[in-house]
Amino acid sequence: MDVLTLEVFKQMINRAYTEVQAQETHFSALDAIAGDGDHGTAITEALAAVNDSAREGTEFNQMLTQMAMNAMTRSCGSTSTLIGGFFLGMGTAAKGVQLNVPQVKAMFRAGLASMQQNTQAKPGDKTLMDALVPAVTAMEAAEGDIKALFKAGAEAAANGAAATVEMQAAFGRARNLGERSIGHADPGASSWACMFGAFYNAIN
Amino acid sequence: MDVLTLEVFKQMINRAYTEVQAQETHFSALDAIAGDGDHGTAITEALAAVNDSAREGTEFNQMLTQMAMNAMTRSCGSTSTLIGGFFLGMGTAAKGVQLNVPQVKAMFRAGLASMQQNTQAKPGDKTLMDALVPAVTAMEAAEGDIKALFKAGAEAAANGAAATVEMQAAFGRARNLGERSIGHADPGASSWACMFGAFYNAIN
Amino acid sequence: MENQIYKWINDPKHITEELLEGYVMAYADKVQLFGTHTIVRAQPKPEDQVAVVTLGGAGHEPALSGFVGKGMLDCSVVGDIFAAPGAPRLLEALKKFNRPAGILLVVLNHAGDVMSANMAKQMADAMNIKVKIMLTHEDISAGLDTPDQDRRGLAGCVPLYKIVGAAADAGKSLEEVYEIGERFNSQMATLAVAMKACTHPQSGVTIAELPLGEMEIGMGQHGEGGGGRSPLLSADETASKMIGPLMQKLQIQKGDKVLLYINGVGATTHMEMSIIFRKAGQVLQESGAELVDGKITELLTVQEQSGFQMILGKLDDDHVDYLKNHGSDAPYWTVNP
Amino acid sequence: MENQIYKWINDPKHITEELLEGYVMAYADKVQLFGTHTIVRAQPKPEDQVAVVTLGGAGHEPALSGFVGKGMLDCSVVGDIFAAPGAPRLLEALKKFNRPAGILLVVLNHAGDVMSANMAKQMADAMNIKVKIMLTHEDISAGLDTPDQDRRGLAGCVPLYKIVGAAADAGKSLEEVYEIGERFNSQMATLAVAMKACTHPQSGVTIAELPLGEMEIGMGQHGEGGGGRSPLLSADETASKMIGPLMQKLQIQKGDKVLLYINGVGATTHMEMSIIFRKAGQVLQESGAELVDGKITELLTVQEQSGFQMILGKLDDDHVDYLKNHGSDAPYWTVNP
Ligand SMILES: Nc1ncnc2c1ncn2[C@@H]1O[C@H](COP(=O)(O)OP(=O)(O)O)[C@@H](O)[C@H]1O
Ligand SMILES: Nc1ncnc2c1ncn2[C@@H]1O[C@H](COP(=O)(O)OP(=O)(O)O)[C@@H](O)[C@H]1O
Ligand SMILES: [Mg+2]
Ligand SMILES: [Mg+2]
Ligand SMILES: [Mg+2]
Ligand SMILES: [Mg+2]
C-alpha cells in the first residue's frame with residue numbers, strides 16, 4: 001500500500017471508533033481509579049463525531065478540520081481539546097484525496113505538534129502523550145509502505161501505553177495522587193493506543 | 001409493705017433509670033424500625049433527670065413536680081412531654097413523705113389522667129398507653145400491700161407491651177407505616193414496661 | 001452505643017449545642033444564640049410587631065433555625081436530634097418574645113412538637129402571654145382525604161415562614177398574620193420520597209432501611225417509612241407519580257399561580273432535583289398553571305438520606321407578594337426587597 | 001454500561017441538558033438558557049460593563065451556573081458531567097458577550113477547562129474579541145510551595161465570582177476587575193476532605209473508592225484522590241488539621257479580616273459542617289483574625305460524595321465591600337444591597 005486514500009483513511013477512522021467504543025466501559029473504569037471516571041464516554045463521543053464528519057469528507061484538509069471542530073463541539077473534557085487539536089493539526093499538513101508515505105508522516109507529526117501547543121505533557125508524565133509521541137516517532141522512523149508505517153505506530157503506542165502502568169502521573173486529574181497513581185495504565189494513553197491499533201487493523 | 005416511703009420510691013426511680021439505661025440501645029433500635037431511632041436516648045435522659053431530682057426531694061408533691069420539670073427541661077421529643085405530664089400529674093395527687101395503698105393508686109391514676117390531657121392515644125394504638133393504661137388499671141384492682149400492687153402493675157405493663165407487637169400504629173411517627181408497623185413492639189410501651197418492671201424489682 | 005458513626009462529629013451528646021454554636025459563628029451578623037438551644041435574630045424587631053416563633057428537632061439543617069432573620073422567623077427553639085424541645089425551653093422563648101402584638105407559634109405536626117407546644121402554651125396562657133399556634137400538616141402520603149391531624153408537617157413550613165414572617169414584619173396584627181398564613185397552609189401539599197436510609201447521628205442506627213434499588217414515596221422527615229415502596233423509577237416517572245396527587249389535592253386549575261419547590265433531604269444531588277423539577281414543572285405548565293416561584297435546594301434535610309420532598313402551593317396574590325417582593329435576610333433565605 | 005445507577009435521572013446521555021432545563025424553569029426570573037448548555041442572566045446587563053463568564057463541567061450543582069445573576073456571573077458555559085465544554089461552545093458565548101468593555105473569563109485550574117479556555121481564547125483573539133483569562137488554583141493539597149499551575153481550582157471560585165461580579169456591575173474596567181479579582185485569588189486557599197466516594201451519574205462507576213472508616217484530606221473535586229488517608233477523625237480534629245495549613249498558606253495574622261466557608265460536596269450534612277465551622281472559627285479567632293464572612297452551605301458539590309471543602313480567604317477592605325455590601329441576585333447567592 002503506497003498511498004493512503006481518503007476512503008481508506010475513513011475506514012481507519014471508522015475502525016478506531018468501533019474498537020474504542022467496544023472498550024468504553026474499560027476506559028471509564030481506568031479513569032475512575034485516579035481521575036473522574038468519564039474518559040470512555042468522552043473519547044467515544046469524540047470519535048463518533050470524527051466518524052460522522054468522515055462521511056461528508058471529500059478532501060483531507062477540509063475533512064480533518066471538520067473532524068476537529070465536530071469532535072470539540074460534541075465531546076467535553078480534556079479529550080475535547082486534545083483530540084480536536086490533533087485533527088486540527090493534521091488538517092494543516094494534509095491536502096487532496098490521497099497521501100504518500102512522507103505526507104502521512106508529516107500529517108501525524110503536525111497533529112502532534114498542534115497538540116503540544118495546548119499541553120506541556122511529555123512522555124513519562126503518564127498521559128496519552130506516552131502513547132502518541134512514541135507512535136508518531138516510530139511512524140516517522142518506519143521504513144516501507146503505509147502498512148509498515150501504521151504497524152510501527154500501533155506497536156509503539158501499545159508499548160507506550162503499557163509503560164504508563166509503572167508511571168506516576170504528572171498531568172491531568174491523576175496528578176494529585178502522587179505515588180498512588182502507580183499501578184494502572186493511563187486511560188488516555190490506553191484509548192489512544194487502541195485507536196492506533198485500530199488504524200492498523202483496518203488495513204491489515 | 002404497707003406504705004411507700006419517699007426513700008423507697010427514690011430507690012424505685014433509681015432502679016428504673018438503671019434498667020432502662022441498660023436497654024437504651026434496644027429501645028433506640030426498636031424506634032429505628034418505624035420511628036426515628038432515638039427513643040432509648042430520650043427515655044434514658046428523661047429518667048436521668050428524674051433520678052437527679054430524686055436526690056433533692058424531701059416531700060412527694062414538691063419532688064414529683066420537680067422531677068417533671070427537670071425531665072421536660074432535659075429530655076426532648078415526645079418523651080419529654082409524656083413523662084413530664086406523668087410526673088406532673090402524680091405530683092398533684094401525692095403529698096407528704098409516705099403513701100398508703102389507696103394513695104399510691106391515686107397517684108398513678110392522676111399521672112395517667114394528666115398524660116391524657118396531652119394525647120388522645122388509647123390502648124390499641126400501639127403507644128406507651130398500651131403498657132401504662134393496663135398497668136394503672138391492674139394496680140387499682142390489685143388487692144394486698146404495696147408489693148402486690150407493683151407486681152400487678154409490672155405484669156400488666158409487660159403483657160401490654162408484648163401485645164403491641166401485633167398492633168398497627170395509630171399515633172406517633174410510626175403511624176404512616178400502616179400495616180408495616182405490625183411485627184415489632186412499640187418502643188415507648190417497651191421502655192415504660194421496663195420502668196414498671198424495675199419499680200417492682202426494686203422492692204422485691 | 002454499639003454502632004459506629006461515620007460522621008464528622010465530636011461527642012454525640014453535644015451535637016446540637018456545637019452545631020448551633022458553629023451556625024451563629026458563621027452568620028453572626030444575622031443570628032445569635034439565646035441560651036444554648038434557641039436561635040434569635042441578631043437585630044430584634046420592634047415590639048409592636050408580631051413575633052414568629054417555631055420549634056423542632058435538630059439534624060434537619062438548615063431547617064429550622066436557618067430561617068431566622070429579617071423578614072422571616074424571629075426565633076427557633078431547638079430540641080435535640082430529631083426531637084422536639086421540651087416545654088420549659090419553649091416557654092423561655094415565649095417569655096422572651098412576650099409582647100402586646102402577640103406571638104405566632106408555628107408547629108409542624110409531629111407528636112413530640114405538638115405535645116411540647118401545647119404544654120408550653122398552657123403554661124404561657126397562665127402567664128398571660130399572647131400566643132397563637134399554627135399547625136402545619138401538609139404531607140399527603142397518608143391519603144388525600146386523611147384529616148389534618150393525621151398528616152405530618154414537612155418542609156412546606158419554610159415558605160410558610162417566609163409568608164407569615166413578611167406579614168409580621170410589615171406590621172400586620174396577629175389575627176391578620178394568622179389568616180394570611182392559614183390561607184397558604186391550607187393551599188399547600190408536600191410529598192416525600194427516599195431511596196437510601198440515613199443513620200441517626202447519636203446512636204448510629206440506620207433509620208428505615210431501604211433495600212438498594214428500591215424507593216419509597218411518602219417517606220417521613222426522620223426516615224420513618226410511609227407510603228408505598230417500588231423499584232427505583234426514573235426521574236420523569238418519579239416526578240409524575242408525585243406531582244399528580246399533589247395537583248389533585250390542591251385541585252390545580254388553569255391560571256392558578258403556583259409555587260413548586262424541590263427540597264433535597266441529604267445525599268440526593270441538585271442535579272437530580274433539577275431533572276425532577278423539569279418534569280414536574282412541565283406537568284404543571286401543561287395543566288395551564290403559572291409557575292411563579294420555584295426552588296431547587298436543601299431547606300430541610302434528613303441527615304444523609306437520599307431523597308427529596310416535592311412542595312406544591314397554590315398562591316393568592318398577597319402570598320406572591322410576601323414571598324417574592326418582601327425582602328428577607330435569613331442565612332438560608334435571602335430575598336432582595 | 002454495566003453499572004447500575006442509583007439516582008433519579010432519565011437517559012444518562014441527557015443529564016446535563018435536562019438539569020439545565022429544570023434549573024432555568026425554577027429560576028426563570030433570574031436565568032435563562034442560551035443554546036442548550038449555556039446559562040445567562042434573564043436581564044442582561046448594559047454593554048458598557050465588563051462581562052464575567054465562566055466554564056466547567058456539570059454534576060457540581062449548584063456550581064457553576066447557580067451563580068449567574070445580577071451582581072455575579074453573566075454567563076456559565078457548561079460541558080457534560082465533570083467535563084469542560086469544548087472550545088467551540090465557549091467561543092459562542094464569548095461571541096455573544098463580545099463588547100468594548102471586554103470579558104473576564106474565570107477558569108478553574110483543571111486540564112480540560114484550561115485547554116478549552118486557551119483554545120477558545122485563541123479563536124476569540126483571531127476575531128478581535130477582548131478576553132482576559134483569570135485562573136483559580138487555590139487547592140493547597142499538593143503542598144504549600146507547589147507552583148500555581150500545579151494546584152487545582154476548587155470552590156474558592158465562588159466568592160471570587162461574587163467579588164469580580166460586583167466590581168464589573170459597579171462599572172469597573174476589565175483591568176480593574178482583573179486586579180481586584182487577582183488580589184483575592186492570590187489570598188485564598190482551599191482544602192477538601194472526603195470520607196465516602198461518589199458514583200459517576202452516567203457510567204455508574206465509583207470514583208476513588210474510600211474504605212469505610214477512612215477519610216482523605218486533599219480530595220479533588222471529582223472524587224480524584226489527593227492528599228493523605230487517615231482513619232476517620234472527629235470533627236474537631238479534622239477541622240484543626242485543615243485550618244492549620246490554610247492559615248499557614250495565607251500567613252494569617254492578628255487583625256486580618258478573613259472569610260471562612262465550609263462547602264458541602266454532597267452527602268455530608270449541614271449539621272456536621274456547622275460543627276466543623278465552629279472549631280475552625282475558634283482557631284481563627286484564637287489567632288486574632290477577624291471573621292467577617294462565613295458560610296456553611298453547598299456551593300460546589302461532587303455528586304453524593306461525603307465530604308466538604310474548607311475555604312479560607314484574607315480580605316482587603318474592598319473585597320469585604322464587594323462581598324457583603326454589593327447586592328446580588330443569583331439563584332444560589334443573594335445579598336441584600
Ligand atoms: N494536560 C494534559 N496533557 C495531556 N494529556 C492529558 C492532559 N490532561 C489529561 N490528559 C489525558 O486525558 C485523559 C483523561 O481524559 P478525560 O477523562 O476525557 O478528561 P478529563 O480529565 O477532563 O475528565 C488522561 O488519561 C490523559 O491521558
Ligand atoms: N401521641 C402520642 N401519644 C402517646 N404516646 C406517644 C405519642 N407519640 C409517641 N408516643 C410514644 O412515644 C414513643 C416514641 O418516643 P420518642 O422516640 O422519644 O419520641 P419521638 O417520636 O419524638 O422521637 C412511641 O413509641 C410511643 O410509645
Ligand atoms: Mg476524565
Ligand atoms: Mg423517636
Ligand atoms: Mg425523636
Ligand atoms: Mg471529566
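Note that the structure is a prediction, hence the values are computed from the model and not measured. Just the heavy atoms: all of them, side chains too, but no hydrogens, waters or symmetry mates, feed the values below. Proteins get letters first, then strands, A, B, ... in listed order; numbering begins at 1 in each.
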Student: Just checking Lys241(D): does its NZ atom have more than 12 heavy atoms from other residues, nucleotides or ligands closer to it than 6.0 angstrom?
Tutor: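 At most 12 heavy atoms, drawn from other residues, nucleotides or ligands, come within 6.0 Å of this atom.
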Student: Taking all heavy atoms of Gly37(A) and all of Val205(D), pick out the closest pair and write down the distance.
Tutor: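 The answer is O-CG2, 4.0 Å.
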Student: What is the minimum heavy-atom distance between Cys76(A) and Pro85(D), and which atoms define it?
Tutor: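 Minimum heavy-atom contact is SG-CA, 4.3 Å.
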Student: Where does Ile81(D) contact chain A at under 4.5 Å (heavy atoms): side chain, backbone, both or neither?
Tutor: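 Contact with chain A: backbone only.
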Student: Please report the closest heavy-atom contact between His200(D) and Asp38(A), naming both atoms and the distance.
Tutor: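 That closest heavy-atom pairing would be NE2-CB, 3.5 Å.
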Student: Between atom CG of Asn118(D) and atom OG1 of Thr81(A), what is the distance when rounded to the nearest 0.5 Å?
Tutor: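 Answer for the CG-OG1 pair, Asn118(D) versus Thr81(A), is 8.5 Å.
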Student: Taking side chain as everything from C-beta outward and backbone as N, CA, C, O, which of these in Ser80(A) sits under 4.5 Å from a heavy atom of chain D? Side chain, backbone, both or neither.
Tutor: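 Only the side chain of Ser80(A) comes within 4.5 Å of chain D.
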Student: Examine whether an atom of Thr73(A) lies under 4.5 Å from a heavy atom of chain D, and if so say whether it belongs to the side chain, the backbone or both; otherwise answer neither.
Tutor: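 Both backbone and side chain.
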Student: Can you tell me if Lys105(A) has over 12 outside heavy atoms packed within less than 6.0 Å of its NZ?
Tutor: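 Yes - once you tally the heavy atoms of other residues, nucleotides and ligands closer than 6.0 Å, there are more than 12.
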Student: Quick check on Asp145(D): does its CG atom have over 12 non-hydrogen neighbours (other residues, nucleotides or ligands) under 6.0 Å away?
Tutor: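 Not more than 12 within 6.0 Å, no.
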Student: Using a 4.5 angstrom heavy-atom cutoff, name the option from Met119(D), Met115(D), Gln122(D) with the most pairs to chain A.
Tutor: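 The option with the most such pairs is Met115(D).
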Student: Taking atom CG of Asp31(A) and atom CZ of Phe82(D), what is their separation to the nearest 0.5 Å?
Tutor: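 Atom-to-atom, Asp31(A):CG and Phe82(D):CZ are 11.0 Å apart.
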Student: Tell me, side chain or backbone of Asp80(D) under 4.5 Å from chain A's heavy atoms, or both, or neither?
Tutor: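 When you check distances to chain A, atoms from both the backbone and side chain of Asp80(D) fall under 4.5 Å.
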Student: Got a sec: does the NZ of Lys151(A) have more than 12 other heavy atoms crowding it under 6.0 Å?
Tutor: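 Atom NZ in Lys151(A) is not crowded, with 12 or fewer foreign heavy atoms closer than 6.0 Å.
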